[in-house]
Trainee: 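Once you've had a glance at the structure underneath, I'll fire off some questions.
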There are 2 protein chains.
Amino acid sequence: MATPLPPRRRPTMVDVAARAGVSRALVSLVFRGQPGASAETRSRVLAAAEELGYRPDSAARLLARGRSRTLGVLMTVREPFEADLVEAIYPEAERLGYEVLLSARTPGRDEATAVEGLLAHRCEAIVLLGPDVDDAFLAELGVRTVAVVVGRAAPGLDSVHSADAEGVRQAVDHLVGLGHRAIVHVDGGTGPNAAARRTGYLDAMAAHGLADRARVLPGAYHEDAGIAAAQALLAGPELPTAVLAANDRCALGLLDTLRRNGVDVPGRVSVVGYNDDRLARLSHVDLTTVRQDAGLLARHAVRAAAARLDDPDLAPGETELTPELVVRGTTAPP
Amino acid sequence: MATPLPPRRRPTMVDVAARAGVSRALVSLVFRGQPGASAETRSRVLAAAEELGYRPDSAARLLARGRSRTLGVLMTVREPFEADLVEAIYPEAERLGYEVLLSARTPGRDEATAVEGLLAHRCEAIVLLGPDVDDAFLAELGVRTVAVVVGRAAPGLDSVHSADAEGVRQAVDHLVGLGHRAIVHVDGGTGPNAAARRTGYLDAMAAHGLADRARVLPGAYHEDAGIAAAQALLAGPELPTAVLAANDRCALGLLDTLRRNGVDVPGRVSVVGYNDDRLARLSHVDLTTVRQDAGLLARHAVRAAAARLDDPDLAPGETELTPELVVRGTTAPP
DNA sequence: CGGAGCGACTAGAGCGCTCTAGTACCACGA
DNA sequence: TCGTGGTACTAGAGCGCTCTAGTCGCTCCG
């Protein structure tokens, strides 16, 4: 019993072929589901593979076949809206016969690094979720590979995003309709689309003849920015009657800080978010927000990538989806 | 100008070698940072590669080299605590010379599928974050590859988790110390470690002579469970003075629902979470919770994987880290 | 002056697959 | 009898790398 375990080598096609008494090529055929093997042989091969615990090596497969049929997705690991997107990307990719590889940007790992990782693993196309990089980087990436940008426009590349200005306009319309005049916007700073949302806000205010009431507070796309903005508002001379946050996470920070300081929402101040991510929908949050349909965005992105892989000469397209205001419990007449 | 673009083939080592006027092998040497190339040649090779936009193909590299030096991580895309873990895994993996590939379980994509994807991409080891599968599956995986389980014990495999019973005990001690007697536990249902936390709670209560006051409410590891539990408590004959939630997300739902129903936290009811994920730390949440050190868990997990890859005969080990109660603003004397 | 030793470089096999171009065999029709 | 066409299968090249076993000049030393 002192025999050492055989060096538990991963079984290969050769092993399966030997065991099934056929050639390597036949095994390959069977595993690719191609015709040319009799039903009887097919099942013998499958059985042999099963017994050996064989599973095709995708590196070798990748190398041999020109294509990897793998989609790389660049994401942020703690962004609820991106989580919604990722969840919707998997089924659509599978439907089109693509695998998905995820790579996360984190505080210590920038987008370039994350993308390089995906590229080295031979992803045929990269889907970038809300990338926060400059257009030059994207353009260069677009030359090197197929890239689809989700969540913002990207000149020269395929992009899928929602009409931010339109979404913000709906939110402003809603608030004005309720009777609000003092409507503040906490913006997304230099984040993706922040500029679009900001100008959308300013334009919408102007359209209602409230250009002089417009007020933009510097913010960002996370809770802390909402907290800071709320504190700034509380410290100011007078609270606005409504706040339009850069996104839901920002709105959450804002909401909570206001409430903790005794400000009734929506009684005294109305709050509107942006994205309609899972957090906003939680019944205890019940945030009025602008919905971007994550499933639709994801499906469009995957399809754009697939279409471009099928035909590289396709002109890059910008898909703009119309967002939709979802009125919930954080808005009311002033 | 009608010349079609040359079929934008990805450049290979051969191209670089040709351009630099050296052999393929030399280029390989340079890219692996091995000695054996003069500084002058080295920079010529690098320059040629740069000009061509060459990047090593990791599929081919993987195939040629026996090892892929890639770690697969199974995660849930919307779990804040797992996000903390993932963020900590990257730097540690890099330090040890491993790449990281992420694969997400989602409602429509189970753990087995996610793991298969990683395996097909030749991950040498799989790190499973809070897997919700049975031990048989884990055991089988452990035979097929190197697997490290994070967040729960796994017989026969390497695992890294914190001492849940101990963490819960600290929380109960803290509450009892504040004067609480009516302490309810909203549990994690069938989720990983839920049982450990539940018995930890029951034991701790018993240790304080409060066995007959112990009360467990069925719950789960998400906000909705917290909301439901809060509603159940509010509908009950009498509110407890303290609630110990299954995790932070559950605590959050609970907290918010209580507050929205006019229950002062911590004035009337104290709430304790579990995990200390980023959400709990947000200043507007300020949750008293049991901290599991994500960074430490992640580092241990990566190191365990690496150690086992270096020496497959290593006995599998269970690392239990001691959690630590973090007292914040949601607990006070009854 | 004849190697030994060393640094710089190359040839070529092989990693586990895919895929094209076959071969072998069996009806079946003329 | 000989194709003819179809089905079942195989041989072997090649994907882009790595890595072992070299070769080719040098310098250096006894």
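Lettering of chains follows the sequences in order, A, B, ..., and the numbering in each one begins at 1.
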Trainee: With a sphere of 6.0 Å drawn around CD of Gln34(B), does it hold more than 12 non-hydrogen atoms of other residues, nucleotides or ligands?
Mentor: yes
Trainee: Which is true for Thr41(A) with a 4.0 Å heavy-atom rule: it touches a base, it touches only sugar-phosphate, or it touches nothing?
Mentor: sugar-phosphate
Trainee: Please determine whether side-chain hydrogen bond (donor to acceptor under 3.5 Å, both in side chains) holds for the pair Glu318(B) and Ser159(B), giving the CA-CA distance in whole Å, both sets of side-chain angles, and the decisive distance to 0.1 Å.
Mentor: CA-CA 5 Å; Glu318(B) 177 177 347; Ser159(B) 64; 4.7 Å; no
Trainee: Between which nucleotides of DNA chain D, read 5' to 3', does contact with chain B run, using atoms under 4.0 Å from its heavy atoms?
Mentor: dG16(D) to dC19(D)
Trainee: Taking atom CD of Glu94(A) as the centre, does the number of heavy atoms from other residues, nucleotides or ligands within less than 6.0 Å exceed 12?
Mentor: no
Trainee: Is a donor on one side and an acceptor on the other found under 3.5 Å between the side chain of Tyr54(B) and the backbone of Arg10(B)?
Mentor: no
Trainee: Looking at five pairs on each end of the helix from dC1(C)-dG30(D) to dA30(C)-dT1(D), what is the angle between the two axes, given to 10 degrees?
Mentor: 70°
Trainee: Counting the atoms with a prime plus P, OP1 and OP2 as sugar-phosphate, which does Arg122(B) contact under 4.0 Å by heavy atoms, base, sugar-phosphate, or nothing?
Mentor: sugar-phosphate
Trainee: Here's a test of your reading of the structure: between Gly21(B) and Arg24(B), which maps to the more 5' nucleotide of DNA chain C?
Mentor: Gly21(B)
Trainee: Select base, sugar-phosphate, or nothing to describe what Val14(A) touches, counting heavy atoms under 4.0 Å on all strands.
Mentor: nothing
Trainee: Apply the test side-chain hydrogen bond (donor to acceptor under 3.5 Å, both in side chains) to residues His121(A) and Glu99(B): give CA-CA distance (whole Å), side-chain angles for both, the deciding distance (0.1 Å), then the verdict.
Mentor: CA-CA 10 Å; His121(A) 277 274; Glu99(B) 281 186 77; 3.2 Å; yes
Trainee: Take Arg109(A) and Ser103(A), measure what side-chain hydrogen bond (donor to acceptor under 3.5 Å, both in side chains) needs, and give me the verdict at the end.
Mentor: CA-CA 10 Å; Arg109(A) 187 169 188 263; Ser103(A) 187; 3.1 Å; yes
Trainee: With Tyr90(B) as reference, evaluate Val73(B), Val302(B), Leu102(B) under the side-chain contact (heavy atoms from CB on, under 4.5 Å) test and give the passing residue.
Mentor: Leu102(B)
Trainee: Between the side chains of Ser68(B) and Arg61(B), does any donor sit under 3.5 Å from an acceptor?
Mentor: no
Trainee: Using the closest heavy atom to pick a nucleotide of DNA chain D for each, name whichever of Arg61(B) or Ala37(A) lands nearer the 5' end.
Mentor: Ala37(A)
